[in-house]
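Taking it in order: structure first as structure tokens, then the write-up.
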Amino acid sequence: IEDDYDSEFRHQGEPIAAMQGLLPDAPVLYVGTFSKTMFPALRLGFLVLPEAIAKPAMPSIIEMLRGGHRLEQLTMAAFIENGQFSRHLGRMRRLYRQRQTALRDALAAHLGVDHEVLGGHSGLHLTVRLPPEFPDQRIVDDARKLGMNPSSLSSFAVRPRPEDNGVVIGYGNTSADRFPALIKRLGDVARQARRTA
């Protein structure tokens with residue numbers, strides 16, 4: 001089963017092919033959603049099945065479909081078939097690359113805390129590694145009280161190590177002009193949360 005999450009938003013290099021398309025009738029169930037490429041309230045996903053199991057799976061698929069989204073499905077199909085979806089993705093890739101650049105610039109200019117930016121080749125977020133004396137969970141808790149919504153890097157680890165300390169910052173739904181003030185505020189929060197020996 002392949003969930004090619006955020007593959008549409010690759011910002012550097014050539015697109016990486018999905019496993020599902022590498023071989024004819026590859027033994028891969030390719031699943032996805034239009035939540036990030038369009039909007040979450042659309043509530044449409046998709047499943048691409050190998051030809052060998054598509055027909056036998058059809059009764060189960062029909063049983064799972066409960067209706068209610070026929071108009072949205074037909075509209076989305078037309079949006080894809082007439083080329084508008086591809087043009088939309090191109091516009092969104094450009095917008096998200098601009099937002100990522102603005103976020104990187106704001107981090108460099110306004111965070112005021114030693115950090116390392118990781119990732120950015122694809123997706124809609126950047127990972128910012130912080131020194132261990134800046135406790136990421138406390139930073140996140142305090143930032144959320146101020147209306148920001150970063151995630152703590154350590155929360156993604158089963159057994160966090162000192163190098164798993166930092167914040168994950170999404171840039172998909174934030175205007176680029178807001179990043180300088182938000183990152184300055186995040187830097188203030190991080191300095192207030194700093195542990196002293």
Side-chain angles (χ1 to χ4, degrees), residues 3-16 32-43 45 85-197:
D3 180 2
D4 202 11
Y5 186 76
D6 273 351
S7 64
E8 301 88 357
F9 299 122
R10 184 158 175 80
H11 307 301
Q12 297 175 1
E14 292 297 316
I16 297 174
T33 176
F34 295 105
S35 292
K36 294 287 178 91
T37 55
M38 295 298 292
F39 52 94
L42 186 59
R43 298 184 57 78
F85 184 62
S86 292
R87 286 188 281 283
H88 167 73
L89 287 178
R91 286 189 300 271
M92 298 314 293
R93 273 192 287 270
R94 286 188 296 279
L95 173 68
Y96 293 143
R97 271 195 299 269
Q98 292 168 353
R99 287 183 179 174
Q100 186 190 116
T101 298
L103 176 56
R104 286 178 180 275
D105 292 346
L107 286 163
H110 301 290
L111 187 61
V113 171
D114 285 340
H115 66 278
E116 176 186 7
V117 178
L118 307 172
H121 297 293
S122 62
L124 300 174
H125 68 274
L126 289 176
T127 300
V128 181
R129 185 178 284 155
L130 298 171
E133 63 267 22
F134 295 93
D136 64 357
Q137 190 57 59
R138 180 167 172 209
I139 292 168
V140 165
D141 291 344
D142 292 347
R144 287 183 178 166
K145 291 174 189 170
L146 297 174
M148 296 182 285
N149 195 28
S151 297
S152 62
L153 180 58
S154 64
S155 68
F156 292 92
V158 175
R159 291 185 192 92
R161 303 163 298 167
E163 59 267 28
D164 297 324
N165 187 67
V167 291
V168 179
I169 303 173
Y171 53 84
N173 65 353
T174 305
S175 299
D177 60 347
R178 295 188 61 211
F179 287 132
L182 289 169
I183 295 303
K184 184 179 183 312
R185 188 181 314 158
L186 185 63
D188 292 343
V189 168
R191 284 186 293 280
Q192 290 170 5
R194 182 177 186 169
R195 284 190 286 251
T196 54

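Here the side chain of Arg194 pairs no donor or acceptor atom with the backbone of Ala190 at under 3.5 angstrom. At least one donor-acceptor pair under 3.5 Å links the side chain of Arg195 to the backbone N or O of Pro132. A donor-acceptor distance shorter than 3.5 angstrom exists from the side chain of His115 to the backbone of Val113, with no hydrogens or angles considered.
To the nearest 0.5 angstrom, Thr33 atom OG1 is 11.0 Å from Met38 atom CE. Rounding to the nearest 0.5 Å places CG of Asn173 at 15.5 Å from CZ of Phe39.
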- Task: Kindly determine whether Phe179 and Tyr171 satisfy ring-ring contact (aromatic ring centres under 6.0 Å, His included), including the steps that lead there.
- Result: CA-CA 9 Å; Phe179 287 132; Tyr171 53 84; 7.3 Å; no
- Hey, mind stepping through Asp188 and Arg185 against salt bridge (Lys or Arg N to Asp or Glu O under 4.0 Å) and telling me if it holds? CA-CA 5 Å; Asp188 292 343; Arg185 188 181 314 158; over 6 Å; no
- Task: For the pair Asp141 and Arg138, evaluate salt bridge (Lys or Arg N to Asp or Glu O under 4.0 Å) and give the outcome as yes or no after the intermediate values.
- Result: CA-CA 5 Å; Asp141 291 344; Arg138 180 167 172 209; over 6 Å; no
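Heavy atoms of other residues, nucleotides or ligands lying less than 6.0 angstrom from CZ of Arg178 number 12 at most. The neighbour count for Asp177 CG, taken as heavy atoms of other residues, nucleotides or ligands under 6.0 Å away, is above 12.
Not a single side chain to side chain donor-acceptor pair (under 3.5 Å) links Thr101 to another residue, sequence neighbours left out.
Taking the centre of each ring, Phe34 and Phe85 come in below the 6.0 Å mark.
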